[in-house]
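Have a look at the structure below before the remarks.
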2 protein chains.
Amino acid sequence: MNDFLNDNVYWWRPLDDAELDTRGKILLAAYKEMHYQGFQSASLSNILARTGVTKGALYHHFPNKTELGYAVIDEVIAQRIHLSFVKPLQNFENPVDGIIELIQASGEAFSLTDIELGCPLTALAQEMAPLDEGFRLRLIKIYNQWHQSIADSFRRALEKGQLQPDFDPEIVAATIVATLEGAMHAAKVAQDLNILYRCGAGLIQYLHLIRKN
Amino acid sequence: MNDFLNDNVYWWRPLDDAELDTRGKILLAAYKEMHYQGFQSASLSNILARTGVTKGALYHHFPNKTELGYAVIDEVIAQRIHLSFVKPLQNFENPVDGIIELIQASGEAFSLTDIELGCPLTALAQEMAPLDEGFRLRLIKIYNQWHQSIADSFRRALEKGQLQPDFDPEIVAATIVATLEGAMHAAKVAQDLNILYRCGAGLIQYLHLIRKN
DNA sequence: GTTGACATACATACCGGTTGGTATATTATT
DNA sequence: AATAATATACCAACCGGTATGTATGTCAAC
């Protein structure tokens, strides 16, 4: 039950080995706490207890809990989604092959403990999007970047004649993002990686329909 | 911002016009509060204030907040998911046509205020599945019923020769559920029904691949 | 000697939950 | 049929604990 204290999971693996300053420590601990408890139930006391940082330090760097939440999205989550889902996509010549490769790579990358808490972006969005416009706008910005990177690569592939010409890149991109997020969600609730694999297989079937053969 | 007090939205529309007893009033108000705030941040005081029921009455009918949450899942959410997604599916001869019809019907049924809070099942699952096994098991039971009703209808269609023979009903069902949930989620964050339509279109494309033509 | 980076101690409000009690309906007894 | 016993449904006040946030103090660096 306290597995979440372990740093060796996909979502929490530090981005670099550099020593974190006080602000960075707070940010990382807040990110973990928010991922585990949600934003509203995230306890500043817990964050402080786990970092050893005091309340004075926290309120020196962040004016209030909400702004701390915003900073976690802007500086932690955005970076991780970009590194995991946006950037790898730009390396592929054929986006269909690229996405299929990404899906298969994800299937191998995720362990059972990784899906226990699911995607931090989804979790925060589910909770906070209807409650706080500041959260919603920041979160949707990340989703849009993800969506657009997929849509753009499909547009390029369409111009190159790699795809069946009658498919709308916006539709394809929206469906891919939705299915991936939905698959992570379902796997998290069931605590079963097989759901991830099944949805991946279904998505790959769909992508084969789109490719020009 | 207080739209959520209005009963005239899809998720909260009463199931029948019968007068609710005290227990039913608490259950419905708790369901709304949990859908809006999440379970942990759901305030018993808010629930009581909106019902006019007192705390003594609440704790007469439910031993604690957690059991109230369980009852909301078992008696409110399960019923609504069944009525919206499971039961309608059983009327169709050809499940591919049936699901396409359901997707199109959903697109017309949902309004912008309906997707503002998204699917109550998804929201609760995102928050509580990692935190409380009682929640998780109750929620996954509902998901399984949904998934199985889709998988079963595809199995029947497979036997009738309505489908391409090389498709696994488990894969198809998992993908459909994931895409629908992911689409609701994306539309909620973006507050944009077009996302729902786009994902619906993508899903229908996928289903055409499966149908025997 | 002023500013930035913290530490300590405290204030205020709200949370879930408990307590002790009342009014009413049901059941058991004679 | 009348009454005693018990269970149900509910109420109002309160409790300990925890939440975020604040006020003030310290101390090093430039």
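Every chain is numbered from 1 and lettered A, B, ... according to where its sequence line falls, protein lines coming before strand lines.
Put simply, A:Ser45 has a side-chain N or O that comes within less than 4.0 Å of OP1 or OP2 on D:dA19. Between D:dC10 and B:His60, no contact under 4.0 Å exists linking OP1 or OP2 to a side-chain N or O. B:His61 has a side-chain polar atom (N or O) that falls below the 4.0 Å cut-off from OP1 or OP2 of D:dC10.
For CD of B:Glu67, the number of neighbouring non-hydrogen atoms (other residues, nucleotides, ligands) closer than 6.0 Å is greater than 12. A:Glu93 CD: 12 or fewer foreign heavy atoms inside a 6.0 Å radius.
Of the charged side-chain nitrogens involved, at least one lies within less than 4.0 Å of a carboxylate oxygen, so that A:Arg155 and A:Glu170 count as a salt-bridged pair.
Taking the six-membered ring where tryptophan is involved, the planes of B:Trp12 and B:His35 are perpendicular, since the angle between them exceeds 60° and thus also 30°. Using bins of under 30°, 30° to 60° and over 60° for the plane-to-plane angle, the ring pair A:Trp146/A:Phe85 lands in the parallel bin.
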Walk me through whether B:Tyr206 and B:Thr179 qualify under side-chain hydrogen bond (donor to acceptor under 3.5 Å, both in side chains).
CA-CA 11 Å; B:Tyr206 172 62; B:Thr179 307; over 6 Å; no
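Atom CD of B:Gln40 is separated from atom P of D:dA19 by 12 Å (rounded to the nearest Å). In this entry the distance linking OH of A:Tyr59 with C1' of D:dG21 reads 5 Å, nearest Å. If you take CD1 of A:Ile47 and C1' of D:dG21, they are 14 Å apart, rounded to a whole angstrom. At whole-Å resolution of the value, CD1 in B:Ile26 and C1' in D:dC11 are 13 Å apart. When rounded to the nearest whole Å, the span between CD of A:Glu67 and C1' of D:dT20 equals 15 Å. Here the C1' atom of nucleotide D:dT22 and the CG atom of A:Asn64 are 13 Å apart, to the nearest Å.
Between its two ends, the helix from C:dG1-D:dC30 to C:dT30-D:dA1 turns its axis by 10°, counting five pairs per end and rounding to 10 degrees.
Between A:Ala42 and A:Met34, the shortest heavy-atom distance links the atoms CB-CG, 4.0 Å. Residue A:Ile115 comes nearest to A:Ala187 through the heavy atom pair CD1-O, 3.4 Å, listed as atom of the first residue, atom of the second, then distance. When all heavy atoms are compared, the tightest approach of B:Leu58 to B:Leu44 is CD1-CD2, 4.4 Å.
On the nucleic acid side, DNA chain C contacts chain B at distances under 4.0 Å to non-hydrogen atoms, with the end points of that region at C:dC15 to C:dT18.
Along DNA chain D, the nucleotide nearest A:Ser43 and the nucleotide nearest A:Pro63 are compared for position; the residue whose nucleotide lies closer to the 5' end is A:Ser43.
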